[in-house]
Amino acid sequence: MVSLVLLLRRRGRLTADTLARELDVSTRTVLRDIEALSAAGVPVYAERGRHGGFALLPGFRTELTGLNHDEALALLAAGSGRGEQVFGLGPALASALRKVVDALPDSHRDTANDAAQRFLVDPETDLLSRRLVTDEIPGTTMIEVRRAVLAGRKLRIRYAATGQTPQWRTVDPIGLVTVRDRVYLLATRSGADRTYRLSRVSAAEELPEPAQRPNRVDLDRIWRERSARFLSGGDHIAVRVRVNPARREDLLDTALAVRAEEPDADGWLRLEATFQDSRHAEWALWQLGTDAEALAPQSLRTSLRDRAAEIATRYGAAPPE
């Protein structure tokens, strides 16, 4: 209802259908809340006719905690990127930003709105027109996971590990982490650490039993520890590589991690990067062409040389008629 009042204050007369769309509720809910607001003394009234709708009496203002200009600008800028959907909190963020704008003094409101439009956070494409891929997570799944994490209750999830059929698991949730538009659930299962990518969770159910977890948590430390274990396990391969600085970001986009970096004598960069396996490393460096050179391991240099020789042979002859 506060969001409803703020919408009317900011945009003037609005129809019930418009309010319902903005607040993601039914028209019936809007009409019910309008009636409740009127009964509570909020001066909201209906205007009939073709261009009618609901409006507030001029001069009405809600009593909200004020913010200074820079505080409001910081929040407006943070809400301008695609992060608004992180953890399924998009509608809550939209409501909060309406309150931020309303809390500003009249003299600062237009200035902050204009300034926020000058900032763009994490657009959907970069300068090379590459579209950033965001994990799709069902809203109901995100809500159940978030509730269990915050309430400290056990969680039942239907999870599909890579190359496996989905299975139900009961876990003790610890926290949620978002990295490059991917959301991960940090949890334990039968006392063992587990990390689940939420886009692979097709269903979730909060259980009534309390989760077995510590009362206080340092998610940053836990994430660092799990990341280190992940990078040191399995078939991961460490590669020393020289790269043209202009292609550094391209390399970072494909590598699992970069553990060291230093300038080379000729202006290029030397990096120690980790890849999923040898095939992943070969593919990633092949994409960079002559802008990168694998220094180690020798097996990777050999596979890249053989691949280049095969390409040279293929294109060294005249094409078939």
remark   = On a heavy-atom basis, the closest approach of L155 and E144 is CD1-O, 4.0 Å
request  = Under the side-chain contact (heavy atoms from CB on, under 4.5 Å) rule, what do L271 and R240 come out as? Steps first, then yes or no, please.
outcome  = CA-CA 6 Å; L271 296 90; R240 287 193 295 113; over 6 Å; no
task = Please indicate whether E225 has more than 12 foreign heavy atoms, meaning atoms of other residues, nucleotides or ligands, lying under 6.0 Å from its CD.
result = yes
inquiry  = To the closest 0.5 Å, what do you measure between CD (E293) and CG (D291)?
reply    = 12.0 Å
message = Are L19 and L8 packed together at the side-chain level, in the sense that at least one heavy-atom pair is separated by less than 4.5 angstrom?
response = yes
note = So OG1 of T29 and CZ of R32: to nearest 0.5 Å the spacing works out to 4.5 Å
ask   = With a 4.0 Å cut-off, would you call E206 and R147 a salt bridge?
value = no
remark   = When every non-hydrogen atom of V145 is compared with those of A204, the smallest separation belongs to CG2-CB, 3.8 Å
request  = Please round to the nearest 0.5 Å and tell me the distance separating atom OH of Y159 and atom CG of L198.
outcome  = 8.5 Å
ask   = Which pair of non-hydrogen atoms, one from R213 and one from I174, has the smallest distance, and what is that distance?
value = NH1-O, 3.8 Å
task = Report the relative orientation of the aromatic rings in W223 and Y184; use parallel for angles under 30°, tilted for 30 to 60°, perpendicular for over 60°.
result = tilted
key: Donor-acceptor pair between D17 and T27 side chains, under 3.5 angstrom   = yes
ask   = Would a hydrophobic clustering, with Ile, Leu, Val, Met, Phe, Trp and Tyr connected at side-chain separations under 4.5 Å, put V5 with V30?
value = yes
Distance-only donor-acceptor check, side chains R197 and S199, under 3.5 Å = yes
message = Return the CG to CD distance between L251 and Q287, rounded to the nearest 0.5 Å.
response = 11.5 Å
task = Apply side-chain contact (heavy atoms from CB on, under 4.5 Å) to the pair V217 and I222, showing each step before the final yes or no.
result = CA-CA 8 Å; V217 64; I222 294 174; 3.4 Å; yes
message = Do F54 and L31 have side chains that approach each other closer than 4.5 Å (heavy atoms only, starting at C-beta)?
response = yes
key: Check: T18/T15 side-chain N/O donor and acceptor closer than 3.5 Å   = yes
request  = Might you point out which heavy atoms bring A187 and Y196 nearest each other, and give the distance in Å?
outcome  = CB-CE1, 4.3 Å
request  = Taking only Lys NZ, Arg NE, NH1 and NH2, and the carboxylate oxygens of Asp or Glu, determine whether R158 and E205 approach each other closer than 4.0 Å.
outcome  = no
ask   = To the nearest 0.5 Å, how far apart are OG1 in T254 and CD in Q276?
value = 12.0 Å
ask   = If you count the non-hydrogen atoms of other residues, nucleotides and ligands that lie under 6.0 Å from CZ in R314, is the total more than 12?
value = no
key: Straight-line distance of N244 CG to T290 OG1, nearest 0.5 Å   = 8.5 Å
task = For salt bridge (Lys or Arg N to Asp or Glu O under 4.0 Å), just list the numbers for R189 and D172, CA-CA rounded to whole Å, side-chain angles, deciding distance to a tenth of an Å, and then say yes or no.
result = CA-CA 6 Å; R189 184 181 177 208; D172 295 298; over 6 Å; no
inquiry  = Taking side-chain hydrogen bond (donor to acceptor under 3.5 Å, both in side chains) as the cut-off, I'd like each qualifying pair that reaches into residues 262-271, sequence neighbours left out, listed once.
reply    = R242-D264, R242-D266, D264-R270
ask   = What residue pairs, at least two apart or across chains, pass salt bridge (charged side-chain N to carboxylate O under 4.0 Å, His left out) with a residue in residues 304-313?
value = E282-R307
query = Same cluster for V201 and L186 if Ile/Leu/Val/Met/Phe/Trp/Tyr side chains link at under 4.5 Å?
reply = no
request  = Locate the shortest heavy-atom distance separating P297 from A238; write the atom from each residue and the value.
outcome  = CD-O, 3.6 Å
request  = Give the C-alpha distance, both sets of side-chain angles, the deciding distance and a yes or no for side-chain contact (heavy atoms from CB on, under 4.5 Å) between L285 and V239.
outcome  = CA-CA 10 Å; L285 294 181; V239 175; 4.3 Å; yes
inquiry  = Quick one about T170 and R156 (side-chain donor to acceptor, distance below 3.5 Å, no hydrogens or angles considered), yes or no?
reply    = no
task = I would like to know whether L176 and M142 meet side-chain contact (heavy atoms from CB on, under 4.5 Å); could you show each step before the answer?
result = CA-CA 10 Å; L176 291 167; M142 186 71 254; 3.6 Å; yes
inquiry  = Looking at every heavy atom in both V149 and G175, which two are closest together, and how far apart are they?
reply    = CG1-CA, 3.9 Å
request  = Run the numbers on R224 and D220 for salt bridge (Lys or Arg N to Asp or Glu O under 4.0 Å), then give the verdict.
outcome  = CA-CA 6 Å; R224 289 198 307 270; D220 187 55; 2.3 Å; yes
message = Is any side-chain heavy atom of L288 closer than 4.5 Å to one of D250?
response = yes
ask   = Just wondering, do I311 and W286 contact through their side chains at under 4.5 Å, heavy atoms?
value = yes
